[in-house]
Amino acid sequence: MLCDAKAEQVERALGRLGAGEAGAFDEVVQLAYEWLGKRVAAILRDYPAVRLPSDEVLHDRVLGRLRTALAAVLPKTCEELTRLAERHIRWAVRDVVREQRERPDVASLEAPGGEVAAEEVEVAADLIDHREREKFHEAAAALPEPLRRTFCLRYYGGLSEAEVAADLGVTDRTVRNHWRQAIDGISVALTGRPFQGELPRLRRENEGGGSPLCPPGPSKA
């Protein structure tokens with residue numbers, strides 16, 4: 001276990017990362033690299049149809065997600081880091097699964113036992129820790145129009161870009177711009193800076209959730 005052997009080193013590196021020291025992220029990764037690699041390999045064993053090698057998933061998927069996550073919410077302890085990394089490893093692997101399931105030349109990617117692994121993903125997870133969920137909802141509700149409406153329709157209502165564009169009477173490009181600005185606005189409210197990295201992708205698992213602070217749009221039925 002990473003934290004059994006290197007907790008103090010990891011936490012010092014996290015402190016330097018929080019202070020904005022150059023190279024601190026690389027130091028964190030170097031300390032956690034062996035543990036990260038083993039976790040990626042272990043999780044990939046649950047998805048035998050995924051043919052990507054574990055080191056490719058680690059470098060191309062996980063480290064990018066982890067860099068973005070640490071820029072938004074910095075863990076204070078080694079245990080918090082491992083929990084954060086574990087979530088992003090699973091989400092990165094599930095992203096690969098989704099991509100392969102959309103390819104017509106790829107067979108079923110069901111996990112052992114015939115059931116697709118349970119989804120625990122949320123678009124907001126790239127921005128915040130689950131303990132900050134209330135602040136996230138409040139930041140969403142405080143967005144100026146039309147950003148708030150766009151965000152609510154997309155995130156809480158689960159509507160596609162085209163559906164939001166039709167609802168608001170704007171173009172798909174305008175919806176994408178408003179989505180970007182909304183994500184940046186929420187990130188600024190939570191972290192003091194715009195969202196860094198690739199925009200989080202909306203997952204249909206979020207459909208219909210709603211929020212009393214930011215009501216969903218009209219039903220698609």
Colleague: For residues Ser54 and Leu44, report the shortest heavy-atom separation together with the two atoms involved.
Modeller: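 Heavy-atom minimum between the residues: CA-CD1, 3.6 Å.
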Colleague: Tell me the closest heavy-atom pair linking Leu2 and Ala32, and the distance in Å.
Modeller: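 Between these two residues, the closest heavy atoms are CD2-CB, 3.8 Å.
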Colleague: Whether the Glu79 and Thr82 side chains hold a donor-acceptor pair (N or O, under 3.5 Å, no angle test) is what I'd like checked.
Modeller: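 Their side chains do not contain a donor-acceptor pair, so the 3.5 Å distance test is not met.
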Colleague: Only counting residues at least two apart or in another chain, list the ones meeting side-chain contact (heavy atoms from CB on, under 4.5 Å) with Ala42.
Modeller: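 If we apply the side-chain contact (heavy atoms from CB on, under 4.5 Å) test to Ala42, skipping adjacent residues, the hits are Arg39, Arg45.
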Colleague: Taking the side chain as everything from C-beta on, heavy atoms only, tell me whether Val10 gets closer than 4.5 Å to Thr77.
Modeller: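 No, every pair of side-chain atoms sits at 4.5 Å or beyond.
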Colleague: What residues, two or more places apart in sequence or in another chain, satisfy side-chain hydrogen bond (donor to acceptor under 3.5 Å, both in side chains) together with Glu145?
Modeller: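 Residues passing side-chain hydrogen bond (donor to acceptor under 3.5 Å, both in side chains) with Glu145: Arg148.
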Colleague: To the nearest 0.5 Å, how far apart are SG in Cys152 and CG in Leu159?
Modeller: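 Nearest 0.5 Å value for the SG-CG distance: 11.5 Å.
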Colleague: CG of Leu31 to CD of Glu8: how many Å apart, nearest 0.5 Å?
Modeller: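 One gets 12.0 Å once the value is rounded to the nearest 0.5 Å.
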Colleague: Would you please name every residue forming a side-chain hydrogen bond (donor to acceptor under 3.5 Å, both in side chains) with Glu11, sequence neighbours left out?
Modeller: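 Expected list: none.
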Colleague: What residues, two or more places apart in sequence or in another chain, satisfy side-chain hydrogen bond (donor to acceptor under 3.5 Å, both in side chains) together with Thr174?
Modeller: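 Thr174: side-chain hydrogen bond (donor to acceptor under 3.5 Å, both in side chains) contacts with Thr171.
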Colleague: With the side chain counted from C-beta on, respond yes when Arg61 and Arg65 share a heavy-atom pair under 4.5 Å apart, and no when they do not.
Modeller: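 They are not in side-chain contact.
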Colleague: What closest approach, in Å, do Ala69 and His88 show between heavy atoms, and which atom pair accounts for it?
Modeller: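 Where Ala69 meets His88 most closely, the heavy atoms are CB-NE2, 3.4 Å.
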Colleague: To the nearest 0.5 angstrom, please state how far the CZ atom of Phe151 sits from the CG atom of Leu143.
Modeller: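 One gets 7.0 Å once the value is rounded to the nearest 0.5 Å.
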Colleague: For residues 19-36, which residue pairs qualify under side chain to side chain donor-acceptor pair (under 3.5 Å), counting only residues two or more places apart or in two chains?
Modeller: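 Passing the test, one end in residues 19-36: Arg16-Glu27, Tyr33-His59, Glu34-Lys38.
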Colleague: Working to the nearest 0.5 angstrom, can you tell me the gap between Asp172 CG and Glu163 CD?
Modeller: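 Output value for this atom pair is 10.5 Å.
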Colleague: I want to check something: taking the side chain as every heavy atom from C-beta on, are Leu63 and Leu36 in contact at a cut-off of under 4.5 Å?
Modeller: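 Answer yes - side chains close enough.
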Colleague: Could you tell me whether the side chain of Arg90 reaches within less than 4.5 Å of the side chain of Arg94, counting heavy atoms only?
Modeller: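 Yes. Closest side-chain heavy atoms under 4.5 Å.
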Colleague: Start with the C-alpha gap between Leu153 and Leu168, add the side-chain angles, then the distance that decides, and say whether side-chain contact (heavy atoms from CB on, under 4.5 Å) holds.
Modeller: CA-CA 10 Å; Leu153 288 171; Leu168 300 180; 4.1 Å; yes
Colleague: Which value, rounded to the nearest 0.5 Å, describes the distance between Ile186 atom CD1 and Gln181 atom CD?
Modeller: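 With rounding to 0.5 Å, CD1 (Ile186) is 12.5 Å from CD (Gln181).
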Colleague: For side-chain contact (heavy atoms from CB on, under 4.5 Å), just list the numbers for Leu66 and Ile89, CA-CA rounded to whole Å, side-chain angles, deciding distance to a tenth of an Å, and then say yes or no.
Modeller: CA-CA 9 Å; Leu66 195 56; Ile89 291 169; over 6 Å; no
Colleague: Would you say Trp179 and Leu147 make side-chain contact, with heavy atoms under 4.5 Å?
Modeller: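 Not in contact.
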Colleague: May I have the step-by-step check of side-chain contact (heavy atoms from CB on, under 4.5 Å) for Ile43 and Glu86, ending in yes or no?
Modeller: CA-CA 9 Å; Ile43 290 170; Glu86 180 86 13; 3.9 Å; yes
Colleague: What distance do Cys3 atom SG and Gln9 atom CD have between them, rounded to the nearest 0.5 Å?
Modeller: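 Reported to 0.5 Å precision, the distance equals 11.5 Å.
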Colleague: Identify the heavy atoms of Leu74 and Gly18 that sit nearest to each other, and give their distance.
Modeller: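 That closest heavy-atom pairing would be CD2-CA, 3.2 Å.
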Colleague: Taking disulfide bond (SG atoms under 2.5 Å apart) as the cut-off, I'd like each qualifying pair that reaches into residues 16-75, sequence neighbours left out, listed once.
Modeller: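 Matches after skipping sequence neighbours: none remain.
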Colleague: Could you walk me through whether Lys76 and Leu14 pass the side-chain contact (heavy atoms from CB on, under 4.5 Å) check?
Modeller: CA-CA 7 Å; Lys76 294 182 179 179; Leu14 289 171; over 6 Å; no
